[in-house]
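All values reported here derive from a predicted model rather than from experimental measurement.
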Amino acid sequence: MISIWEKESFFAPQDIIIVGNGFVGLWSAFHLKKKKPNLKITIVDRGTIPTGASTRNAGFACFGSLSELIHDGKIMGTKKMLELVEMRYKGLKNIQKYFSKKEMDFDLCGGYELYDEIDKKSSKKLIQNIEYLNSLLQPITKTKQTFNLIDSKISDFGFGKTKHLIKNKLEGYLHSGKLVQALLQKVQSMGVQVFTGTEIKSTEKINGQIELTTNQHFNLIATQVLICTNAFAKDLLPELDIVPARGQVLVTSDIAALRWKGSFHSDEGFYYFRNIGKKVLLGGARNKAFKQEETTQMDITINIQKELERYLNEVVLPKQKGQFTIDYRWSGIMGMGSEKMPIIKEIEPNIFCAVRMSGMGVALAPIVGKSVAKLML
């Protein structure tokens, strides 16, 4: 049983309850409070810290590699692809607007894409794709050359089995954990209440309000509810077009002779790596076992980890074999679906969702949060 003091303070009816304390939930709370500072808002999360993808990703500040955007244009259509790129690009700008580089270890050190020796694309076709996307992206990035072919750097960086290298100078990386912490501190300073270790089991409309049943000894009451649990949203909204996708990662020990710095992709974004100081973080290979990786279990598997180690030794660090150990291994869960556009909508009166970030939550969340705030108020 709760006391009258608790009922009239911590557990008092809220204007908005946000389910999910990751990037989207935090950015949504931020924009809701900016629009209406007097709103009573509580964020609830079943984890001690956000544990889906927000603090378990690779920390990339990117908006799409060349091969990924060419592929997305074919699948989604050019108009939707560009709309998505613009959301990501503006999202990265928003992060830099509200937080200092020091707060989140942000570094616009460049984004790169590797094309391997067996890629069927000719050099001529690759150059055509670069010119084509550069012309499409110019109104968004305000630069004539978003992508540049820099094959001369391949030997400098020491990559193996690499035929072409493309650079995007407008991308980089950040520290995901520090950004989540900074966001959390910011929304709490704006008066947002946060409950961790609190899982929402169900919602029910009672007398014009919404009662949220929890796994704790209390229930919560709100006028509006916003679901921001991304890959886990189907627990509360089973009708949504969301497929969980596990992203596995490893991190090496320090490598004294590391010859490059930046964020890197290959194979339409299915492989990705970056440096963390002198360490190398490598993730991906989900395309080697799609069905296996359609899970919400945050485990690591032998087959994916072995594939990551193969890629690390053959492509990323072929000249440093035996000079490092693997110090960290983990996984995070992304929210995918039949298309990459986020789902931002009112599910039923006063129950909203902002989910399906398709592996780009860092960049998308600031804009998704702003969009759902506008929809709700």
Side-chain angles (χ1 to χ4, degrees), residues 57-73 81-82 84-86 88-93 95-96 101 105-119 121-174 255 257-284 311-312 315-319 359-360 362-363:
N57 55 41
F60 278 46
C62 59
F63 53 88
S65 65
L66 183 84
S67 65
E68 181 186 1
L69 297 184
I70 291 292
H71 176 266
D72 288 350
M81 179 271 287
L82 291 174
L84 193 56
V85 170
E86 186 169 18
R88 296 168 179 169
Y89 184 73
K90 286 182 175 178
L92 295 177
K93 289 291 187 184
I95 294 170
Q96 296 171 76
K101 291 182 178 181
D105 294 349
F106 184 90
D107 193 340
L108 205 66
C109 49
Y112 301 80
E113 181 170 24
L114 291 74
Y115 284 78
D116 64 30
E117 294 169 333
I118 60 172
D119 194 288
K121 291 183 183 66
S122 66
S123 299
K124 184 179 178 182
K125 181 62 176 175
L126 195 59
I127 292 169
Q128 287 175 347
N129 284 344
I130 290 171
E131 291 174 349
Y132 170 68
L133 270 182
N134 280 346
S135 66
L136 289 178
L137 294 178
Q138 186 174 352
I140 297 171
T141 63
K142 303 296 187 283
T143 180
K144 291 181 179 180
Q145 290 185 301
T146 300
F147 297 106
N148 287 282
L149 190 63
I150 55 163
D151 290 350
S152 60
K153 288 289 185 181
I154 295 171
S155 59
D156 294 345
F157 289 171
F159 295 145
K161 297 186 174 180
T162 302
K163 184 179 178 182
H164 295 296
L165 186 64
I166 293 170
K167 182 177 182 180
N168 177 351
K169 63 183 178 182
L170 302 175
E171 294 185 330
Y173 50 54
L174 49 75
I255 299 165
L258 191 63
R259 296 162 63 177
W260 48 264
K261 175 184 178 180
S263 59
F264 297 78
H265 289 91
S266 70
D267 198 4
E268 296 177 0
F270 281 112
Y271 291 78
Y272 43 91
F273 61 96
R274 56 166 285 187
N275 68 296
I276 306 175
K278 288 291 184 180
K279 303 179 191 297
V280 173
L281 179 154
L282 168 65
Y311 189 86
L312 186 68
V315 179
V316 183
L317 299 169
K319 298 180 181 180
M360 284 282 193
V362 171

Ignoring hydrogens and angles, tell me if any N or O in the side chain of Asn57 forms a donor-acceptor pair with the backbone of Gly59 under 3.5 Å.
-> yes
Do you know the tightest heavy-atom contact between Pro318 and Val315?
-> CD-O, 3.4 Å
Candidates Val85, Thr141, Ile166 - the one meeting side-chain contact (heavy atoms from CB on, under 4.5 Å) with Thr146 | Thr141
Glu113 side-chain N/O to Ser67 backbone N/O, donor-acceptor pair under 3.5 Å | yes
Is there a side-chain contact between Lys153 and Tyr112, using heavy atoms and a 4.5 Å cut-off?
-> no
State whether the number of non-hydrogen atoms from other residues, nucleotides or ligands found under 6.0 Å of Lys93 atom NZ is greater than 12.
-> no
In this structure, CD1 of Ile255 is separated from NZ of Lys319 (nearest 0.5 Å) by 14.5 Å
Over all atoms of both residues, closest heavy-atom pair of Arg88 and Phe63 | NH1-O, 3.1 Å
Check the surroundings of atom NZ in Lys90: do more than 12 heavy atoms from other residues, nucleotides or ligands lie under 6.0 Å from it?
-> no
In Å, rounded to the nearest 0.5 Å, how long is the span from CD1 of Ile154 to CG of Leu114?
-> 7.5 Å
For Gly110 and Lys167, which heavy atoms make the closest approach, and how far apart are they?
-> CA-CE, 4.3 Å
Hey, are Asn275 and Tyr173 close enough side-chain-wise for a donor-acceptor pair under 3.5 Å?
-> yes
For the pair Gln145 (side chain) and Asn134 (backbone), establish whether a donor and an acceptor sit closer than 3.5 Å, ignoring hydrogens and angles.
-> no
Heavy atoms only: give me the nearest Gly262-Cys109 pair and the separation to one decimal.
-> CA-SG, 3.6 Å
Judged by atom type as modelled, is there a donor-acceptor pair below 3.5 Å linking the side chain of Arg259 to the main-chain atoms of Ser155?
-> yes
Exercise: identify the closest heavy-atom pair between Asn129 and Leu66 | O-CD1, 3.9 Å
Rounded to the nearest 0.5 Å, how far apart are CZ of Phe157 and CG of Leu317?
-> 13.0 Å
Would Asp151 and Thr162 count as a side-chain contact (heavy atoms from CB on, under 4.5 Å) if you check the C-alpha gap in whole Å, the side-chain angles of each, and the deciding distance to 0.1 Å?
-> CA-CA 9 Å; Asp151 290 350; Thr162 302; over 6 Å; no
Would you call Val316 and Phe264 a side-chain contact if the rule is heavy atoms closer than 4.5 Å?
-> no
Taking atom CG of Leu149 and atom OH of Tyr115, what is their separation to the nearest 0.5 Å?
-> 9.5 Å
Are Phe159 and Phe273 near enough that their ring centres are under 6.0 Å apart?
-> yes
So which heavy atom on Leu170 is nearest to which on Asn168, and how close?
-> N-OD1, 2.9 Å
Ignoring hydrogens and geometry, is there a side-chain-to-backbone donor-acceptor pair from Arg274 to Leu174 under 3.5 Å?
-> yes
If only atom types and distance count, is the side chain of Ser135 paired as donor or acceptor with the main-chain N or O of Leu133 below 3.5 Å?
-> no
So NZ of Lys278 and NZ of Lys261: to nearest 0.5 Å the spacing works out to 10.0 Å
Going by heavy atoms in the side chains, are Tyr311 and Ser266 under 4.5 Å from each other?
-> yes
Check step by step if side-chain contact (heavy atoms from CB on, under 4.5 Å) holds for Leu84 and Met360.
-> CA-CA 10 Å; Leu84 193 56; Met360 284 282 193; over 6 Å; no
Rounding to 0.5 Å, atoms NE2 (His164) and CD1 (Ile150) come to a distance of 13.0 Å
Any Leu69 side-chain heavy atom under 4.5 Å of Phe147 side chain | yes
